[in-house]
Enquirer: 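Below: one structure in structure tokens.
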Amino acid sequence: MQHDVALAQARNLLQKVALIDGHNDLPWVIRIDRAARGDVAAYDLTRIHAGGDTDIPRLRQGLVGAQFWAAFQPTSAPHPARTALEQIDLIRRMEALHADVFLPARNSGDVARARKAGKIASFITVEGGVGLENALAPLRIWQAAGVRLVTLCHNESLDWVDSATDAPKCGGISAFGRAVVGELNRLGMIVDCAHLSHDAIRQVLDVTAAPVALSHSNAFSLCDHPRNAPDDVLARLKANGGLVMATFVPGFISRPLRVWLSRSRDQFGKAPMVADPKAAMAESETKFGAAPRATLEELVDHILYLVEKAGIDHVGIGSDFFGGPQPVGLEHVGCFPDLFAALIMRGFSDDALAKIASGNFLRAFRKVEAVARDLAARPPALGRLEDYDVKATAAAK
């Protein structure tokens with residue numbers, strides 16, 4: 001099928017079916033922008049940011065129906081609880097300033113409500129359980145503030161959960177980590193395992209009462225970055241009811257690029273936090289030579305593999321646009337129709353694409369909400385890490 005025909009079919013599909021993107025780090029980009037410094041109005045989302053990848057004109061161009069914005073804070077943040085709240089506030093300020101564009105979305109039904117209003121459903125996530133500061137109470141504050149998905153950790157292991165890109169601290173998740181998962185289930189917040197070690201994901205799947213998401217991960221078998229999902233985890237998503245959301249991060253798509261990047265990254269494939277990812281990439285190319293480029297077609301390979309191993313009902317899209325380098329053909333949020341056109345050219349039907357675009361996520365989200373209703377009578381989980389892990393260690397002895 002010719003690309004232009006497939007692209008027209010993709011655009012027609014995404015005008016009928018909501019596209020849900022599971023992860024975008026624009027709020028952090030606004031925070032660290034030298035001119036805006038967290039001021040949403042000063043950043044001006046109404047104009048195209050040539051040096052960035054996300055703004056309102058290109059969200060519209062990309063036919064995005066719902067966006068999950070990450071309230072991210074680095075594990076090393078000196079005040080992670082405060083930083084998490086500041087980033088939640090920044091997202092809410094985005095929603096308020098651009099109320100003509102974003103509909104504050106707090107439940108699965110809000111995606112359809114946003115579509116009816118001609119708006120983009122705006123969801124809040126927290127990326128990094130470091131913001132809990134080893135206590136359960138912040139989960140309820142986050143939920144009250146509108147958070148509906150929590151990525152348990154980022155690139156570093158915490159006292160209670162192991163990261164995919166760091167040395168383990170607790171062999172997966174600890175007793176406190178299990179309490180976090182249980183409280184997220186009770187509150188109707190999606191447990192996101194995207195950054196967890198493979199053992200930690202397996203242990204979350206052992207204890208969760210609700211579907212989980214890997215909001216921005218690809219297939220480990222195609223690109224062996226530890227952030228990607230192994231086959232056994234993908235297979236378990238069928239019984240759990242959750243999903244893996246294919247991500248655009250180049251180093252998680254292309255194995256040749258992953259090998260090239262390993263020369264400037266630690267043993268876990270982790271890059272240092274930098275203010276300008278594109279400048280850092282250019283510096284590495286000056287030192288090591290031109291990097292291999294990840295491509296849209298390689299991402300399609302991942303999606304095909306994820307569908308093969310997890311099933312067509314358990315795959316979604318989680319771009320992880322973050323202001324850094326992106327694959328050829330997926331340079332900004334306006335490119336989503338190009339991805340769906342490529343999937344059409346690989347033989348995906350409209351019904352299958354509707355599931356990947358949003359159907360699978362909405363089904364899982366509705367189940368998360370149903371589990372929360374079933375658990376509503378359960379009292380809130382109280383306490384801090386020491387109340388769980390110290391007691392668990394003592395009991396083991």
Side-chain angles (χ1 to χ4, degrees), residues 18 20 22 66 68 88 104-114 121 123-126 129 131-132 135-153 160-161 172-194 196 200-215 233-245 310-316 318 355 358-385 387-388 391-392:
I20 296 176
F68 278 71
I88 292 168
R106 307 296 184 251
N107 59 66
S108 58
D110 284 338
V111 175
R113 193 161 65 92
F123 287 96
I124 305 172
T125 80
V126 169
L132 296 177
L136 291 165
L139 289 174
R140 293 181 285 278
I141 302 304
W142 292 352
Q143 198 271 353
V147 175
R148 292 299 179 267
L149 180 148
V150 174
T151 313
L152 299 186
C153 65
W160 50 274
V161 59
I173 60 172
S174 70
F176 179 78
R178 293 191 291 274
V180 169
V181 171
E183 188 66 354
L184 288 170
N185 291 164
R186 189 187 73 84
L187 291 167
M189 299 163 77
I190 300 166
V191 178
D192 179 18
C193 298
L196 273 59
I201 299 172
R202 295 175 184 120
Q203 291 173 31
V204 169
L205 287 168
D206 288 340
V207 300
T208 182
V212 305
L214 283 77
S215 70
V233 165
L234 295 175
R236 289 187 66 180
L237 291 176
K238 296 178 183 179
N240 168 260
L243 73 165
V244 56
M245 308 181 79
I312 189 59
D313 296 319
H314 304 282
V315 178
K355 291 183 177 185
S358 57
N360 294 336
F361 190 94
L362 290 173
R363 172 195 48 75
F365 194 5
R366 286 192 289 266
K367 179 61 176 178
V368 169
E369 293 170 334
V371 168
R373 289 192 294 271
D374 291 342
L375 298 176
R378 193 171 73 184
L382 305 178
R384 301 175 180 175
L385 178 128
D387 299 318
Y388 291 83
K391 290 177 182 178

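Residue indices begin at 1 and follow the sequence shown. Keep in mind that what you see is a predicted model, and the values were worked out from it rather than measured.
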Enquirer: Could you tell me which non-hydrogen atom of Cys153 sits nearest to which non-hydrogen atom of Val161, and how far apart they are?
Expert: CB-CG1, 3.8 Å
Enquirer: Which heavy atom of Arg106 sits nearest a heavy atom of Arg148, and at what distance?
Expert: O-NE, 2.7 Å
Enquirer: If you round to the nearest 0.5 Å, how far is CD1 of Ile190 from CG of Leu149?
Expert: 5.0 Å
Enquirer: First locate atom CG of Leu187, then atom CH2 of Trp142, and finally report the distance between them rounded to the nearest 0.5 Å.
Expert: 11.5 Å
Enquirer: About how many Å separate CG of Leu243 and CD1 of Ile20, when rounded to the nearest 0.5 Å?
Expert: 9.5 Å
Enquirer: Counting only pairs under 3.5 Å, give me each side-chain donor-acceptor contact of residues 361-368, with atom names and distances, residues two or more places apart or in other chains.
Expert:
residue, atom, partner, partner atom, Å
Arg363, NH1, Gly241, O, 2.8
Arg363, NH2, Gly241, O, 3.4
Arg363, NH2, Asp313, O, 2.6

Enquirer: How far does NE2 of His314 sit from NZ of Lys355, to the nearest 0.5 angstrom?
Expert: 9.0 Å
Enquirer: Tell me, with the steps shown, if Met245 and Leu214 meet side-chain contact (heavy atoms from CB on, under 4.5 Å).
Expert: CA-CA 6 Å; Met245 308 181 79; Leu214 283 77; over 6 Å; no
Enquirer: What is the distance from atom CD of Glu183 to atom CZ of Arg140, rounded to the nearest 0.5 Å?
Expert: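 The distance works out to 5.0 Å.
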Enquirer: Which heavy atom in Ala66 sits nearest to a heavy atom in Val111, and how many Å separate them?
Expert: CB-CG2, 4.2 Å
Enquirer: What's the shortest heavy-atom distance between Tyr388 and Leu382, and which atoms?
Expert: OH-O, 2.7 Å
Enquirer: Any side-chain heavy atom of Thr151 within less than 4.5 Å of one from Val126?
Expert: no
Enquirer: What pair of heavy atoms forms the shortest contact from Leu196 to Leu152, and how long is it?
Expert: CD1-CB, 3.7 Å
Enquirer: Apply salt bridge (charged side-chain N to carboxylate O under 4.0 Å, His left out) to the pair Asp110 and Arg113, showing each step before the final yes or no.
Expert: CA-CA 5 Å; Asp110 284 338; Arg113 193 161 65 92; 3.0 Å; yes
Enquirer: For the side chain of Arg186 and the backbone of Ala372, is there at least one donor-acceptor N/O pair under 3.5 Å apart?
Expert: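 Pair absent, no side-chain N/O of Arg186 close to backbone of Ala372.
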Enquirer: Is the side chain of Glu369 donor-acceptor paired with the backbone N or O of Ser108 at a distance under 3.5 Å, no angle test?
Expert: yes
Enquirer: Going by atom type alone, with no hydrogens or angles, which donor-acceptor pairs under 3.5 Å involve a side-chain atom of residues 200-210 and a protein atom two or more places apart or on another chain?
Expert:
residue, atom, partner, partner atom, Å
Arg202, NE, Asp232, OD2, 2.6
Arg202, NH1, Asp199, OD1, 2.8
Arg202, NH2, Asp232, OD1, 3.0
Arg202, NH2, Asp232, OD2, 3.4
Gln203, OE1, Ile173, N, 3.0
Gln203, NE2, Gly171, O, 2.7
Asp206, OD1, Arg236, NH1, 3.3
Asp206, OD1, Arg236, NH2, 2.8
Thr208, OG1, Asn185, OD1, 3.4
Thr208, OG1, Asn185, ND2, 3.3
Thr208, OG1, Ala210, N, 3.1
Thr208, OG1, Ala210, O, 2.8

Enquirer: Backbone N or O of Val315 within a donor-acceptor pair of the Asn360 side chain at under 3.5 Å?
Expert: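 It does hold such a pair.
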Enquirer: For a 4.5 angstrom cut-off between non-hydrogen side-chain atoms, does Leu184 reach Leu139?
Expert: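 SC-SC contact between Leu184 and Leu139 confirmed.
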Enquirer: Please name the pair of heavy atoms, one in Ala135 and one in Pro138, separated by the smallest distance, quoted to 0.1 Å.
Expert: O-CD, 3.5 Å
Enquirer: List the residues meeting side-chain contact (heavy atoms from CB on, under 4.5 Å) with Ser174, not counting sequence neighbours, and say none if there are none.
Expert: Trp160, Cys170, Phe176, Asp389
Enquirer: Do the non-hydrogen side-chain atoms of Val180 and Leu136 ever get within less than 4.5 Å of each other?
Expert: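 Of all side-chain heavy-atom pairs linking Leu136 with Val180, at least one is under 4.5 Å.
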